[in-house]
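Chain naming here is simple, since letters A, B, ... match the order of the sequence lines and numbering starts at 1 in each.
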2 protein chains.
Amino acid sequence: MENIQKNIGVNLKNIRKTRGYSLDTTAEITGVSKAMLGQIERGESNPTVTTLWKIASGLQVSFSSLISEKPSDVLHVDLTKISPIVECNGDYRVYPIFPFDPRKKFELFIVEIEPDCQHTADKHNDGVEEYVTVMNGKLDMYIGDQQLQIQQGNSIRFLANKTHTYKNSGDEVIRLQLVMYYP
Amino acid sequence: MENIQKNIGVNLKNIRKTRGYSLDTTAEITGVSKAMLGQIERGESNPTVTTLWKIASGLQVSFSSLISEKPSDVLHVDLTKISPIVECNGDYRVYPIFPFDPRKKFELFIVEIEPDCQHTADKHNDGVEEYVTVMNGKLDMYIGDQQLQIQQGNSIRFLANKTHTYKNSGDEVIRLQLVMYYP
DNA sequence: AATGATTGTTTATTATAACGCACATATGTA
DNA sequence: TACATATGTGCGTTATAATAAACAATCATT
């Protein structure tokens, strides 16, 4: 979906026309000048969020009704297309698979840890949970004062309100799935 | 959801922080200056749609991830709160119950027709269908060259690509439900 | 401490979104 | 025909979004 301006324009015009509103009445309802409304419909303007908000609010439609983003039912994510967040000189790589979405309450990562690499994460807010599943390798973890080892194929869930360390003591790369949950 | 600017700010900062990006790198990825990004995060700016688009696109998140509109699972609509589209000197009133949404392919109205009132609608585009259910009164309709009468409780579906007329020949107000479908 | 690198903020300038008003073009009314 | 009302568009002005560059604050390493 390229060129939102054009998109918003046709959407707005559709909504307005199907209701039989004129630019004048629409301007009155929304509090946006009719000149601006006309320009937006023609794709000649680049509205700000507050303007869009006034329009959506006045017309009693949702924001995305104006944006019209296609809610692709199925989303295929290619790991090689994702640029990871790297630490540990590139030996600790975090791939955001399904990034943070405020509507959802979680996000999903794939993490790769090279041998002899160790990463310590600061404690997160109370209630934040991590769900870790080790897919390849053997993972050493230090959570608060606990120490434990997760074998390949096993999983762990823990409250992340304390500093926690991921460590690869083996000789092969560790790949793990990480689900982060925010309350 | 009041004050979108603030909302967008915290959303953007959340996404950026959870990925460990700095303003600089975010600016590089999105093509939006880091000064602007900072102001948006602090709610001090009122971004345009293209700016939001660049951010969403660069960060590979959906538009509504930034907007964060909570998709209220259940929506209660109060008819008395809806200002109708009136014609026929106020004797023909159309209440948009679930207004046009490009993602959906239909919209829903309640229509009230006072006695002795008649309304003729222009033909719509090919493929557009109307679903009419009469809830109160007795409705006379003229669709193309057809003429018919719909009793209380009955329904009708027709292709709206020809002019069609709604008429109240009785002595009580007609209330009907109208579903408009766009192909 | 001193240096350097990286972070986010502030400032000055440019580009343009938004407004109000005037204009033009219908569409109907006496 | 002339008049009236309502439609959408164009124009000049003002407010402000967006940028680039300078600045300040934080942290790391020597």
Side-chain angles (χ1 to χ4, degrees), chain A residues 3-59 66-67 85-90 119-122 163, chain B residues 3-59 66-67 85-90 119-122 163:
Chain A
N3 202 353
I4 348 112
Q5 313 196 16
K6 209 76 183 170
N7 235 313
I8 293 176
V10 300
N11 286 332
L12 173 56
K13 190 158 190 174
N14 273 336
I15 297 173
R16 183 173 69 82
K17 282 299 186 184
T18 55
R19 295 217 215 163
Y21 289 163
S22 67
L23 285 181
D24 276 293
T25 57
T26 309
E28 198 165 342
I29 292 175
T30 60
V32 177
S33 70
K34 71 170 176 176
M36 180 78 323
L37 290 171
Q39 290 183 33
I40 293 174
E41 286 190 353
R42 275 172 269 133
E44 294 175 9
S45 184
N46 182 14
T48 63
V49 288
T50 54
T51 303
L52 271 195
W53 170 251
K54 286 197 230 170
I55 296 174
S57 181
L59 256 40
L66 297 174
I67 310 294
I85 306 157
V86 299
E87 305 194 24
C88 230
N89 298 332
H119 173 70
T120 299
D122 290 336
T163 61
Chain B
N3 202 352
I4 349 115
Q5 313 195 17
K6 209 77 182 171
N7 234 315
I8 293 177
V10 301
N11 286 332
L12 174 55
K13 190 159 190 172
N14 273 336
I15 297 173
R16 183 173 68 82
K17 281 297 186 185
T18 54
R19 296 217 213 164
Y21 291 163
S22 68
L23 285 181
D24 276 292
T25 57
T26 309
E28 199 164 342
I29 293 174
T30 60
V32 177
S33 70
K34 70 170 177 176
M36 180 82 317
L37 290 172
Q39 290 184 32
I40 293 175
E41 284 190 353
R42 275 173 269 132
E44 293 174 10
S45 183
N46 181 14
T48 63
V49 288
T50 53
T51 303
L52 271 195
W53 170 252
K54 285 198 231 169
I55 295 174
S57 181
L59 255 39
L66 297 173
I67 309 293
I85 307 158
V86 300
E87 306 196 24
C88 230
N89 299 330
H119 172 72
T120 299
D122 290 335
T163 61

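Between Ile40(A) atom CD1 and dG8(D) atom C1' there is a gap of 15 Å when expressed in whole angstrom units. Straight-line distance from the CD atom of Gln5(B) to the P atom of dA18(D): 10 Å, rounded to whole Å. At whole-Å resolution of the value, OH in Tyr21(A) and P in dT7(D) are 13 Å apart. Between Asn46(A) atom CG and dA18(D) atom P the separation is 7 Å, expressed in whole Å. To the nearest angstrom, P of dT6(C) lies 16 Å from CZ of Arg16(B). Glu44(A) places its CD atom 11 Å from the P atom of dA17(C), with the value rounded to the nearest Å. Put simply, CG on Asp24(A) is 9 Å from C1' on dG8(D), counting in whole angstrom units. Following rounding to the nearest Å, Arg42(A) (CZ) and dA17(C) (P) show an atom-to-atom distance of 13 Å.
Pairing analysis of DNA chain C (Watson-Crick: purine N1 to pyrimidine N3 plus N6-O4 or O6-N4; G-U wobble: N1-O2 and O6-N3; both under 3.5 Å) yields stems of 3 or more pairs at C:1-6 with D:25-30, C:8-23 with D:8-23, C:25-30 with D:1-6.
Listed nucleotides: dT7(C), dA17(D), dT7(D). Nearest to the side chain of Ser45(B): dA17(D). Across dT7(D), dG8(C), dA17(D), the shortest atom-to-atom separation from the side chain of Leu23(B) is found for dG8(C).
Residues passing the side chain to side chain donor-acceptor pair (under 3.5 Å) test with Glu41(B) are Arg16(B), sequence neighbours excluded. When the salt bridge (charged side-chain N to carboxylate O under 4.0 Å, His left out) test is applied to Glu44(B), the partners found at least two apart in sequence or on another chain are Arg42(B). Annotation: side chain to side chain donor-acceptor pair (under 3.5 Å) contacts of Ser33(B) (sequence neighbours excluded): none. Scanning for side chain to side chain donor-acceptor pair (under 3.5 Å) contacts around Ser57(B) gives an empty result, with sequence neighbours left out. Scanning for salt bridge (charged side-chain N to carboxylate O under 4.0 Å, His left out) contacts around Lys34(B) gives Asp24(B), with sequence neighbours left out. Not a single side chain to side chain donor-acceptor pair (under 3.5 Å) links Lys17(B) to another residue, sequence neighbours left out.
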Listed pairs, N/O of protein and of nucleotides 19-25 of chain C, under 3.5 Å:
from, atom 1, to, atom 2, distance (Å)
dC19(C), OP2, Ser33(A), N, 3.0
dC19(C), OP2, Ser33(A), OG, 3.1

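Put simply, Ser22(B) has no side-chain N or O that comes within less than 4.0 Å of OP1 or OP2 on dT6(C).
Minimum heavy-atom separation, Asn11(A) to Leu66(A): ND2-O, 2.7 Å. Summarising the geometry of Pro47(B) relative to Ser45(B), their closest heavy-atom pair is CD-O, 3.3 Å, with the distance given to 0.1 Å. The nearest pair of heavy atoms linking Ser22(A) to Thr26(A) is O-OG1, 2.6 Å.
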